[in-house]
Structures are given as structure tokens and as C-alpha cells.
Amino acid sequence: MDSKLKVGILGGTGMVGQRFISLLENHPWFEVTTIAASPRSAGKTYEEAVGDRWKMTTPMPEAVKKLVVMNVNEVENVASKVDFVFSAVDMTKEEIKKIEEEYAKTETPVVSNNSAHRWTPDVPMVVPEINPEHMKVIEFQKKRLGTERGFVAVKPNCSIQSYAPVLTAWKEFEPYEVVATTYQAISGAGKTFKDWPEMEGNIIPYIGGEEEKSEKEPLRIWGEIQDGVIVPAQSPVITCQCIRVPVLNGHTAAVFVKFRKKAEKEQLIGKLVNFKGVPQELQLPSAPKQFIRYLEEDNRPQVTMDVDYENGMGISVGRLREDTVYDWKFVGLSHNTVRGAAGGAVLCAELLKAQGYIAKKPETP
């Protein structure tokens, strides 16, 4: 095990923290050696701290059950035991910003699932297949933080995974106006039906802050580094509605697109199925072999049949057809807590390791 990087999970008792722990079981590069959470969980074994709140469908990995949970606020202590951390802490945005930078300043890289740093100009927000080059902004961030190896990197919001990669694949046709409605699973709120029985048979047409994230975050992903910061793209203009639906896992998006350049259906489908990026070229452990697949059936993609495509790391697209108002419309589906949360962050960490940003900490004498 000595060759594996030692990983800490900040906020390890919540739903996304649990997903990190499940995904990292038997990971070839990373091993969870430390779990940190709120002071009320600190001092208990992980099994005791989680109790009956284990939300995954797979059992809690044996390797973590007896780990004693540390206090996430004891930054130096937690950081001294790991090579890097994943962050899924449940705090206010300002508290998250502060604590993630505190960890970075201990020379501990932080790969965050949280939204707090998504608009910090020198923090990369990355979908590894789309904008791996944004990791280069880390060098500017390290100068600001005064670190040699510590930094914060983030993954974007779960809601954009089912359409931003599709629009990226179609970049050469110059999409310039997009209308998207996302139908979002309850696990995106950290809930199961047991926790949230009023969601059964119900739809809520509001998810706080989600529409702004869904409209703006793709533009930052498509932006470029200028003078040490990431400058968002100006186009396409995206307008979005986000609706909570009675589904456990899987965010579905119904999307309408206008293009500046004419495209045929076969061309659009070809761009999707052939779209790949650095994770596929490097064969990173969590990378889907085929990132986007196209389903010809009229009734696909469906959550029950398609959400776990490529272990939840792939995206399923269907119902591509011409529109009477826009040029084309389609339906996309992604797994919100795998590709959209913990899995996307794990893939970011794999990319950072491959790029040399994450490595074993030097042994202290």
C-alpha cells in the first residue's frame, strides 16, 4: 500500500463523503487513510459516526469502519496524515473557502466538491474531458497562497454534466443560444426517500442557487487563462430552469440549441460518440472508456436503465431531433453523485496526479 497516495475525506460522514469512500474502495492510486468531520463526529469510529445514515446501496467498506473520525477544524493535525484531501464539508460558503485555503496552506492539495471556490479567479473548475488545461492556473494560485504544493481545485455543479459536455462536443457548429430544463434527483440535496418522504410523487419547481450555476458555470469551463486568472467565455447564452423530481439518482436535462453553423443529425451524433479527452487518452482509472453515448430509442435515456452507464461516469444522450423554434433539441442524463459530484472530483484528482500536481508529501525528518 506504500505506493498509494494517502487520502483524507473532509466531511466524510455526509452523502457525498460516503460516495467518495465507496468510489475509492480498491482504487489503484489512492487509499482513504483519514476521515474528518464535524466535532460531534470526532473521536468516534466511522461506523459509529455514520450510524444508520449510510446512504449508499453498497455496504460500507470494511477498511474504513474502524477509522477514528478526526475533527475537520484541526487542520494541521489532519493535514499531517495525508498527501491530499477531498472536500465535501457541510458549512457556509465563507467557512468552506476559509478551511479549504487553510488546508492548502499546509501544503495539502484540496480537490473540492463544494461550490465555494468555483468563482475564485485562480481556482480551476474542471471537467477533465473538457478543460484539463485550466489546471495550469494552479501555479498562479500557489503564488497567491504562498505555497509550493498546496492548492484548491474544484469540480463544477452536478446539473451541468448532462449538457455541457454535449455542447462542447458540438463546439465547431458554434452553439450560441441554449435553453435547458433539468430534472434533478433528490440525492443532489443529500437526501433519500427515507429522509424526504414528501418528495414521493412530488415535483418542486425550485432548487436554491441552481439556475444561476447551471447558466454560468459552463461559461467558466469554456473560458481561458489570462493574466493568471480564468476569464469565462461569453457564448453560448444559456437560460435554465431546475426542477426537483422524485428520483433518487440521476439528473436529466431537456435542452434546445441554436447554432451559427448548419449541422446534420449524423454529424451531431458522430461528434458525441467520438468525443474524448485527456482522461481517455491517459486511461485514468475512473475515466469512462466512452464518455458520451447516443441512444437511438425514442424512450431513452431513462434513469432506471441508463444512470449507471460507465459506472456512473458516462453521459447518455437521446431524442436528438430538429426543432421548430430552435435548431436542435435533445435529452441528456448523468449520474449526479458519481460524475456530478464525488466521481468527477476523483477523476480531477487522477488528472492532477497525472499532471504532477498531486504527489506523495516529502517525508518529514
Within the 4.5 Å heavy-atom criterion, are [X] and [Y] side-chain neighbours or not?
{"X": "E211", "Y": "Y206", "value": "no"}
{"X": "F259", "Y": "L268", "value": "yes"}
{"X": "R118", "Y": "K155", "value": "yes"}

Measuring from [X]:[atom1] to [Y]:[atom2], what's the distance to the nearest 0.5 Å?
{"X": "I130", "Y": "I221", "atom1": "CD1", "atom2": "CD1", "value": "5.5 Å"}
{"X": "N249", "Y": "T57", "atom1": "CG", "atom2": "OG1", "value": "8.0 Å"}
{"X": "I225", "Y": "E139", "atom1": "CD1", "atom2": "CD", "value": "10.0 Å"}
{"X": "I99", "Y": "N73", "atom1": "CD1", "atom2": "CG", "value": "4.5 Å"}
{"X": "M125", "Y": "N157", "atom1": "CE", "atom2": "CG", "value": "9.0 Å"}
{"X": "I9", "Y": "M70", "atom1": "CD1", "atom2": "CE", "value": "13.5 Å"}

Could you tell me whether [X] and [Y] make a salt bridge, using a distance below 4.0 angstrom between a side-chain N and a carboxylate O?
{"X": "E62", "Y": "K65", "value": "yes"}
{"X": "K143", "Y": "D122", "value": "no"}
{"X": "K66", "Y": "E47", "value": "yes"}
{"X": "E107", "Y": "R149", "value": "no"}
{"X": "K97", "Y": "E101", "value": "no"}
{"X": "K98", "Y": "E95", "value": "no"}
{"X": "R339", "Y": "E129", "value": "yes"}

(message) For T337 and S187: C-alpha separation, side-chain torsions, deciding distance, then whether side-chain hydrogen bond (donor to acceptor under 3.5 Å, both in side chains) applies.
(response) CA-CA 7 Å; T337 68; S187 57; 4.9 Å; no
(message) Could you check, using the six-membered ring where one of them is a Trp, whether W328 and F173 have ring centers closer than 6.0 angstrom?
(response) no
(request) Determine whether more than 12 heavy atoms belonging to other residues, nucleotides or ligands lie under 6.0 Å from atom NZ of K216. (result) no
(request) Would you please classify the geometry between the F20 ring and the F86 ring as parallel, tilted or perpendicular, with 30° and 60° separating the classes? (result) parallel
